[in-house]
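Contents: one structure, followed by commentary.
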Amino acid sequence: MSDIYLPDRRLIIEAKNLGDLAESYRVRQNIKTALAQLLDYARFIDDPKLAVLLDTDVNDDIRSLLYYYGIGIITDAGYGIFEESWPDQVSMQQPDNRLSY
């Protein structure tokens, strides 16, 4: 069961609190957990939109990881305002994963 589901948008949201995590390793582990949860829940909704809700912004590496899988990021900007960013809103340059010999 997801943390939040908005049926009118077919949006599944997994919330994670990262603010109290001092180590970047633990932040990455929480993000990977959210990623796995969203991918698990997505199979129950036709053409779902997926996002993580975070209490703080993330670095470019984490953002790239989520965008790679089509997952948006919603951050709490305070005072009841939430900012959304989606992979299709930015120009993502895929890393060159080819090996050269």
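What's counted below: heavy atoms across the whole structure, side chains too, no hydrogens, waters or symmetry copies.
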Would you call L54 and I74 a side-chain contact if the rule is heavy atoms closer than 4.5 Å?
no
Please report the closest heavy-atom contact between E14 and S2, naming both atoms and the distance.
OE1-CA, 4.2 Å
Kindly compute the distance separating CG (L50) from CG (L38), expressed to the nearest 0.5 Å.
5.0 Å
Report yes if the side chains of T33 and K16 come closer than 4.5 Å at any heavy-atom pair, otherwise no.
yes
Could you pull out the closest heavy-atom pair between A34 and V52, with the gap in Å?
CB-CG1, 3.7 Å
Which heavy atom of K49 sits nearest a heavy atom of R9, and at what distance?
CB-O, 4.3 Å
For residues I62 and R28, determine if any side-chain heavy atom of one lies less than 4.5 Å from a side-chain heavy atom of the other.
yes
Before you tell me yes or no, could you show the steps for V58 and L18 under side-chain contact (heavy atoms from CB on, under 4.5 Å), namely the whole-Å CA-CA distance, both residues' side-chain angles and the distance that decides it to 0.1 Å?
CA-CA 9 Å; V58 291; L18 303 179; 3.8 Å; yes
Please tell me whether I4 and F44 are part of a single hydrophobic cluster in this structure, the criterion being side-chain heavy atoms less than 4.5 Å apart.
no
Could you grab the distance from atom CD1 of I73 to atom CZ of R63, nearest 0.5 Å is fine?
4.0 Å
When rounded to the nearest 0.5 angstrom, what distance separates CD in E83 from OG1 in T75?
5.0 Å
Could you go through the side-chain contact (heavy atoms from CB on, under 4.5 Å) check for Q37 and K32 one step at a time?
CA-CA 9 Å; Q37 288 172 296; K32 287 168 43 174; over 6 Å; no
Is there a donor-acceptor pair closer than 3.5 Å between any side-chain N or O of D76 and the backbone N or O of F82?
no
State plainly whether the residues D46 and R10 are in salt-bridge range, i.e. N to O under 4.0 Å.
no
Give the minimum heavy-atom separation between W86 and A51, together with the two atoms involved.
CH2-CB, 3.6 Å
Flag, side chain of S64 to backbone of D60, donor-acceptor distance under 3.5 Å:
no
N/O donor-acceptor pair under 3.5 Å between D3 side chain and A15 backbone:
yes
Atom CG in D40, atom CG in L35: separation rounded to 0.5 Å?
11.0 Å
Just wondering, do I71 and Y67 contact through their side chains at under 4.5 Å, heavy atoms?
no
Go through it in stages, so that I can follow the logic: the residues are I13 and Y5, the test is side-chain contact (heavy atoms from CB on, under 4.5 Å), and I'd like the CA-CA distance, side-chain angles, deciding distance and then a yes or no.
CA-CA 6 Å; I13 302 171; Y5 177 60; over 6 Å; no
Ignoring hydrogens, what is the shortest heavy-atom contact between A42 and I12? Give both atom names and the distance.
CA-CD1, 3.9 Å
If Ile, Leu, Val, Met, Phe, Trp and Tyr residues are connected whenever their side-chain heavy atoms lie under 4.5 Å apart, and connections chain through other members, are I31 and Y25 in the same group?
no
